[in-house]
Protein chains: 2
Amino acid sequence: MSQSTGGTRERIQAVALELFTEQGYEKTSLREIAERLNVTKAALYYHFKSKDEIVSSFVEDRLRRMDELIEWARSQPATLATRRILISRYADAMFATQQPSVMRFFEQNQTALKSLSAGLQMRDRMMSLANELCRGDESPAAQLRAALTLFAVHSSWFAVRAPDITDDERRRIALEVADELLAKIASEPTVDHPARGPLTRTGEQPGADGQPRSDAA
Amino acid sequence: MSQSTGGTRERIQAVALELFTEQGYEKTSLREIAERLNVTKAALYYHFKSKDEIVSSFVEDRLRRMDELIEWARSQPATLATRRILISRYADAMFATQQPSVMRFFEQNQTALKSLSAGLQMRDRMMSLANELCRGDESPAAQLRAALTLFAVHSSWFAVRAPDITDDERRRIALEVADELLAKIASEPTVDHPARGPLTRTGEQPGADGQPRSDAA
DNA sequence: GTCTATACGCAGATAGAC
DNA sequence: GTCTATCTGCGTATAGAC
């Protein structure tokens, strides 16, 4: 919040993010980060209390965005239109500024993030987002489609191997595939076109969300 | 191959696989594995030359299966039918025996596997498999769909949260979603139904496979 | 086949000078 | 705000006894 230094804190974040993503959080030592910046390990400890606080520092921003998104989705009806806007906004957030780097960091460090509080929080948000994407259709297939929708946005960054493709094209293709998946999720709890069938409705649990959210949106 | 010991080698593999998956490869120490088995670290080194050789030992089997699968796919025409059988056989392999554990290990240790030879080999095979799933349709959207098809099989294990679902149901749902994705991939290089449009064909690279494979299939 | 003992290095983290 | 110096502990791996 209050950095009066010449951006050293930001430089540490940038280098750490890069190394954590390339070789993994566990495998990257503070010594390595310090060497890249031509400073000592002790200098790092002036800016951050610990190694995992470096992670938290660049995750905060993303957490905030996701919270806003989830809150918005909960205030909307569970229709295809809502879901399309939801995934579209999610893609916007992921493709904006330097978020792609943070996105890749998360993909590449899923396991390490299990022991980091920032990681657990992000996991929680991703689950909520997936839940919102299939709210109203509790079938297993819908859950899978919802998850794949998020994967579509994420993997558009590495799964598409084209030499001169722009970020905008990646985004558009991701949303094209995502929309197809979303279209197969039932829009209303009472389905009126039994062509797809309800599959195995194992048992409705009413409030799988977690918090009851009593505060205003 | 030739274990005359009372299965100690297998017990090490099992415990290592479990811990590597739960807490990550880097974070799991040989001391921890040894303690779980009530042996010493030195005992581990009798059975395996190094830590990463433990990984290789339980990856070998999976590599062989995937090689067979890829080889088969290459000998077949690039049609929807081929792709459906391919993903179905892949699912069979993934759901068979204790392969789900190995599958989860890979998902959870993507980054660590970049510095392990076994990991690099698996990455290579996954890429080849994805390539086969969209051979004949080099559009970015097809590449994304092919990758998501594989994700569908993988994520059916954790994305579907249902209390009493069987492995067979998971497999069926994964293939249901996978088939939808595959249906949108063009079956022939010369598309004759322009309803979907050619998207942004950025530039055809004839042999994006890597090896020219001159040997017989 | 498994043990004890140990080598050697690097990890994260702190104290206190400048 | 950055440094030098240092602490403490654990990491992988090896030697050699039983």
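Proteins come first, then strands; the chains are lettered A, B, ... in the order of their sequence lines, and each starts at number 1. Quick caveat: nothing in here was measured; it's all calculated off a predicted structure.
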SB check [X] [Y] (cutoff 4.0 Å):
X      : Y      : result
B/E169 : B/R172 : no
B/R36  : B/E18  : yes
A/D92  : A/R171 : yes
A/D137 : A/R145 : no

Hey, is the side chain of [X] poking within less than 4.0 Å of OP1 or OP2 on [N], counting only N and O atoms?
X     : N      : value
A/T8  : D/dT2  : yes
A/R31 : C/dA11 : yes
B/Y46 : C/dG1  : yes
A/S50 : C/dG12 : no
A/S29 : C/dC10 : no
A/T40 : D/dC3  : yes

_Is it true that A/S115 and B/Q23 share a donor-acceptor pair across their side chains at a distance under 3.5 Å?_
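No, because no side-chain N or O of B/Q23 sits under 3.5 Å from a partner of the opposite role on A/S115.
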
_Under 3.5 Å side-chain donor-acceptor pair for A/D168 and A/T166_ = no

Atom-pair distance ([atom1] on [X]; [atom2] on [N]), nearest Å:
X     : N      : atom1 : atom2 : value
B/F48 : D/dT14 : CZ    : P     : 15 Å
A/E53 : C/dG12 : CD    : C1'   : 14 Å
A/I33 : C/dA13 : CD1   : C1'   : 14 Å
A/L30 : D/dC3  : CG    : P     : 14 Å
A/R9  : D/dT2  : CZ    : C1'   : 17 Å
B/L44 : D/dT12 : CG    : P     : 10 Å
A/E10 : D/dG1  : CD    : P     : 12 Å
B/K41 : C/dC3  : NZ    : P     : 13 Å

*DNA chain D contacts among residues 17-26 of chain A, heavy-atom distance under 4.0 Å*: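 Here the set is empty: none.
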
*CZ/B/F20 to OG/B/S101 distance, rounded to the nearest 0.5 angstrom?*
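Going from the CZ atom of B/F20 to the OG atom of B/S101 covers 14.0 Å.
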
*Out of A/Y90, A/F106, A/F105, which one pairs with A/H154 under the ring pair (Phe, Tyr, Trp, His ring centres under 6.0 Å) rule?*
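For A/H154, the ring pair (Phe, Tyr, Trp, His ring centres under 6.0 Å) check succeeds only for A/Y90.
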
*In terms of side-chain heavy atoms of A/V39, which of D/dA13, D/dC3, C/dG12 is nearest?*
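The answer is D/dC3, which lies nearest to the side chain.
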
*For A/T21, what residues pass the side-chain hydrogen bond (donor to acceptor under 3.5 Å, both in side chains) criterion, not counting sequence neighbours?*
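None.
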
*Any cation-pi pair here, A/R89 with A/W72, using under 6.0 Å and within 45°?*
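Verdict for A/W72: a cation-pi partner in A/R89.
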
_Does A/D52 reach a base, just sugar-phosphate, or nothing at all? Heavy atoms under 4.0 Å._
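No contact at all - A/D52 keeps every heavy atom at 4.0 Å or more from the nucleic acid.
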
*What bend angle does the helix from C/dG1-D/dC18 to C/dC18-D/dG1 show across its length, from five-pair end axes and to the nearest 10 degrees?*
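Comparing the axis at each end, I get an angle of 10°.
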
*On DNA chain D, check which nucleotide each of B/A42 and B/Y45 is closest to and give me the residue with the more 5' one.*
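Upstream on the strand: B/Y45.
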
